Every structure is written in C-alpha cells, then in structure tokens.
Amino acid sequence: MSKGVTPRSKDYSKWYTDVVQKAELADYSPVKGCMVIRPYGYALWEQIRDFLDKKFKETGHVNAYFPMLIPESFLQKEAEHVKGFAPELAVVTHGGGKKLEEPLVIRPTSETIIWAMYKKWINSYRDLPLLINQWANVVRWEMRTRLFLRTTEFLWQEGHTAHATAQEAEEEAHRMIHVYQQLCEEVLAIPVYVGKKTDNEKFAGAENTYTIEAMMGDKRALQAGTSHYLGQNFAKAFDVKFQSEENTLEYVYASSWGVSTRLVGAVVMAHGDDQGLILPPQIAPYQCVIVPIYKNNTQKEKVFSCVQTLEKAFKEQHIRYFTDNRETVSAGFKFNDWEMKGVPLRVEIGPKDADKNGVICVRRDTGEKYFQSIDSFIASCKNTLKDIQDSIFQSRLTFRENNTFDVSTYDELKTVIDNGGFARTFWAGTSEMENQIQEETKATIRCILFDNTEESGHCVITGKPSITQVIFAKAY
RNA sequence: CGGGGUGUAGCGCAGUCCGGUUAGCGCGCCACGUUCGGGACGUGGAGGUCGGAAGUUCGAAUCUUCUCACCCCGACCA
C-alpha cells in the first residue's frame, strides 16, 4: 500500500476515492455499483442519524418501517413520478422459484407504498397531520456510481407527512429543509445555500422542491438534502381523502424530505486535505486520539498513568476518544494514520511529557502543535473541540464566499463557471434557457435563494427586472 | 448506451510486442530479534488454477477467437 493519497491538485476525483478507502470509510463490494460502508464510515452515518432522529422527534415525527418491495403498478399511479423513476428501477420478477403474478420493484423512494397505506389510515381531519419518518435503504440503478455520492443502493431517511391544508404542508417542507441546514452547518460544519429548485430540477411528482447546496473542495456544488411540497399529487394518485370539520371530503396535502449517506461524501469533500479526512468534532467518531509513546516498561508505566488520567476526564466530559496502544506500529505511523482518519485532536504522551505532567496536542484542522499541562488540557479540551468545530465552519464559509461571484452578464457567468465557483445572479429566464446554459457551460441553477443578497436586479440572460436570485454551478 | 482503459499473490505492478525449464518485484501478511517523539530495520517464511472458455503448438501469462468483470470520461441522478 502506498503511503499517501493522490494530491487534490493532481486529480480531485482520485483524491476523493483514495481518502474514502484509506480512511476506511467504505470499500468496493463484489456487486457493481454497491459499496460496503465500513465501521468507521458507518460511525459517521450514525452521528448524522442520531442528530436527525432526535430533531425529527422534537418536531413531532415518529418512525415507522414500510416494505422494500413495492408492486410495480403503484409506481404507475403518479404520472410524473413514474416518468422520473422508471429508468432506474430494479425489478424482482421471481420469488420462491416461481414467476410473480406482478413484478415487485425495489423501492427507489417510498411515496407510493406509504400513500397506499395512508389511504387506509386517513379518514378524518382528526387523523392529521400524520408525520412519519422512515430510516431505510433504497435502490436506484444509476449509470455511473461513486462511493457515497451515488451508489446503486444507499441508506437514507425519508419523511412523509400528510396535512389538512396546503399551507401546513408547505410549512412542513420548509421546516425540514431548515433542520437539514442546521445539520449541515452545526454538525457537519458545511455552510449551505438554502433555496428552491427550478422546475427543471425538482423532484418527480413534487409541486415545489427545496434544497440545500454545499460547495465542495473543488468548488463544485453538492445537493446535501431536499424537501418537497407534494401538493395533492399523491393524495389524488392514491385517493387519500379526509372529512373536514365542515364535513366536506378533501384530498390531503403532503410533504416528503430526505438526506442520505451522500452526506458522508460531502464531509470528505468539504473538509479533507492531502493528508486525508478532516472531521468536525461534532461528527467525529473519535474526537480525541491518545497516542502513548514509550521505549521500555518503566516509561510505559509512567506514560499510562497519564493516559488513565486523560481517559477518566474524557469519560466524565463525554468526549469520544480512542487510545491507540498498538505496539506493532510506530508513533509516526499512528500520527499519519489518525490524520488520514481526520480525528480532530491528537494527544501525544511520551516520557518527556509525563515527566513534566503534560501532553503534546496537535489540531488536525490547523496542524498546530503545542505543549500543555495535563490539568490545563483537561480544563480546555471541550473548548478546543468547540473552537475546532467553529473554525472548520468559518474556513468553509470563507472559502465559499471567496468562490461565490455576483455576475450580471452571461459572459461573466461563463468565466466564473470555467474558473470554478458559484455564480450568483438574477434570473427571469425559461426552462429552455436553463437547458441551453447547461449545454454550453455544464452549470445548472442549483437553487433559487431564499435569502437574497440584494432585493432585485436584472436577469443575466433576458435583462428583464427580477427579484429571483439564483446560484449557478457545476454539480455532482 | 457511446468513448477510453485494466484484468498476473491481499494491494500496486513488471513480464505479453518477439511462446521455452521452477512466473518475478514493491508494499502488506506471519515468526523471531533489534527498534519506538512524524509512515523503523534485519533475518527467515507463507501466499498464484496469470479473469473465464475454446483453439494453435512438442510447449501458452505470452499467439487466435469468443466471453465475463471492473475502473475512468460522457448522457441520468440524492
């Protein structure tokens, strides 16, 4: 095995694949397009899952589980939905050695089977709102796959809610995109642009799609989460009506929203460097790694008494840590290994430090290395982790701001896209114009910003006055 | 599906053009010893149906035909 990873400047895509594999986040499986999420990678997903699950429950949602196999006919019921998903379905045609009466598709998303059930469960306005989330795997037969970013099977959560009014469903869709924003910014330390998708980019079967868009280390955009206002589309397709307080029969309004294991890829690409991963403390499986250094048993005893002091303090402060007491590899190897794995804070304790009752700390984000007494280390560790979290976020925010350019002409837009970065501009164009721009520049409208930086301007293509500010970028 | 590439030890590769005893190298792995503060070293060792099938030949990793798989770039997508 070679020692480092391909430098980002040489081949960003290769760098990404190298890091994912060398940090032991995931590995290629014997099944084309499917990866194995390894324990260290899965631990990242668990952090994401735990944060979101708590948030979902705080906002009134409950978890449930629906079948992975969906009757093929269900997909047909919503015209746009089937059009969007039909090309990428995996279909089960046989079971128990016999051909099935009706083929079953492996869910690419669960709207249809969930709405088939909602029809049974929803009768009255008293049954609403219905706020269900599911943690599940889905399968989409993609042409080209990449570890975490786009795999044939992936893990995600999908929320599916039913409401009595359009306004309530819209509010729900907005609420959840903001939960995702909070996840990205506060936990993953990735700043995101929040906004709405254009008709070209919206979900198959949605009225409105909301999105958070993050900038990766190569200045391309990654959609990090989506939330949809589905209107009455699925209610009509599955005939889900409720009796209102006024005793009228109405179709219910819906939302759905999801994030996936793609977010693990986002963390890699947003923060990583040529040494490997850089994990924000909030998501790091180990926030601190202790590397004891010694030559003989006398030193070992002395060093480990310090290690024990640290471990006790970490436990008390609920800091996730790992003591690397492998005797088969050198200290230098361990340093590189944990840097590859992105552990935010490394604590080295050698005989010299133990004599002085201190430790050497090394920050992964800045590389800063300093001596501290054990007492002051223990007293400041939480703050240091917080500082790392904040400064990683700040550095990403600065990076994004430095690479987001306001443009007012198509030529400027092209220049920004060619040089790499986000182009922010006003828009009053059509779907066709958007397609044309995509063909010429490879860039798409990532989102229509919720929060404009200016109230109004002129459309970058048509010159018409506009209050719609958008982000153009090349996307993953 | 279009374009490009690769299949030889766990990983990365050489050997293939121009067929010739026992198929090599680096890393990793195992054992022992010396090491241990930025990817340690020595000695010994284990590990291969050369992607698969058929053919040519006295003889095939190497030539021919067919086939399978995977990777990269595009179109599609969270």
Side-chain angles (χ1 to χ4, degrees), chain A residues 1-6 11-14 16-18 21-22 27-34 83-89 108-109 136-158 180 197 200-204 209 211-214 221-228 256-266 275-276 291-297 299-300 303 324-340 346-355 358-360 362 367 369 371 435 438-439 442 444 446 475-476:
Chain A
M1 192 181 8
S2 63
K3 282 177 181 172
V5 293
T6 307
D11 184 343
Y12 192 83
S13 167
K14 183 79 172 23
Y16 173 78
T17 310
D18 284 356
Q21 289 179 95
K22 292 198 170 165
D27 202 355
Y28 291 104
S29 78
V31 184
K32 182 188 163 84
C34 295
K83 219 169 81 190
F85 285 106
E88 51 186 47
L89 291 179
T109 178
N137 58 341
V138 288
V139 166
R140 297 180 186 179
W141 217 263
E142 303 286 356
M143 294 299 164
R144 271 195 61 217
T145 58
R146 299 193 64 192
L147 295 169
F148 286 112
L149 300 180
R150 190 180 309 105
T151 47
T152 300
E153 179 186 6
F154 57 93
L155 304 182
W156 76 347
Q157 59 68 217
E158 44 179 332
Y180 294 155
K197 284 292 188 191
N200 281 20
E201 297 263 326
K202 78 179 184 191
F203 175 74
T209 288
T211 180
I212 48 174
E213 298 285 329
L222 183 78
Q223 180 172 321
T226 50
S227 179
H228 317 289
S256 73
W257 26 272
V259 299
S260 72
T261 37
R262 162 180 271 196
L263 283 175
V264 175
Q275 306 305 315
V291 181
I293 299 161
Y294 50 86
K295 290 190 176 76
N296 52 48
N297 279 335
Q299 290 184 344
K300 183 176 175 180
V303 164
D324 190 351
N325 51 20
R326 286 178 288 178
E327 301 210 342
T328 47
V329 293
S330 68
F333 181 91
K334 291 177 187 178
F335 299 162
N336 285 287
D337 195 30
W338 292 111
E339 276 164 13
M340 182 63 69
R346 182 173 77 238
V347 189
E348 308 171 15
I349 310 176
K352 291 180 217 160
D353 310 306
D355 285 341
V359 294
I360 300 281
V362 185
K369 190 168 181 171
F371 177 86
N435 288 335
Q438 178 169 12
E439 243 171 71
K442 306 278 184 208
T444 49
R446 299 318 303 156
Y476 274 96

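Sequence lines set the chain letters: A, B, ... in the order given, protein chains first and strands last, and positions in each chain run from 1. Since this is a predicted model, take the numbers as computed values, not measurements.
Taking 4.0 angstrom as the limit, A:Ser13 places a side-chain polar atom (N or O) nearer than this to OP1 or OP2 of B:C73. Between B:A40 and A:Ser330, a contact under 4.0 Å exists linking OP1 or OP2 to a side-chain N or O. Distances shown here put every side-chain N or O of A:Arg144 at or beyond 4.0 Å from the OP1 or OP2 atom of B:A75.
Within 4.0 Å (heavy atoms only), A:Glu142 reaches at least one base atom of the nucleic acid. Among the heavy atoms of the strands lying under 4.0 Å from A:Leu149 is at least one base atom, whether or not backbone atoms are also near. Within the 4.0 angstrom heavy-atom criterion, no nucleotide atom of any strand lies near A:Lys334. No contact: A:Phe203 has no heavy atom under 4.0 Å from any strand. Here A:Arg326 lies out of heavy-atom contact (under 4.0 Å) with every strand.
The closest donor-acceptor contact from the side chain of A:Asn296 to the backbone of A:Gln299 lies under 3.5 Å.
Side-chain atoms of A:Glu339 come within donor-acceptor range of the base of B:G38, with a qualifying N/O pair under 3.5 Å. Evaluation of atom-type donor-acceptor distances gives a pair under 3.5 Å for the side chain of A:Lys369 against the base of B:G38. The base of B:G39 lies outside donor-acceptor range of the side chain of A:Asp337, with no N or O pair under 3.5 Å.
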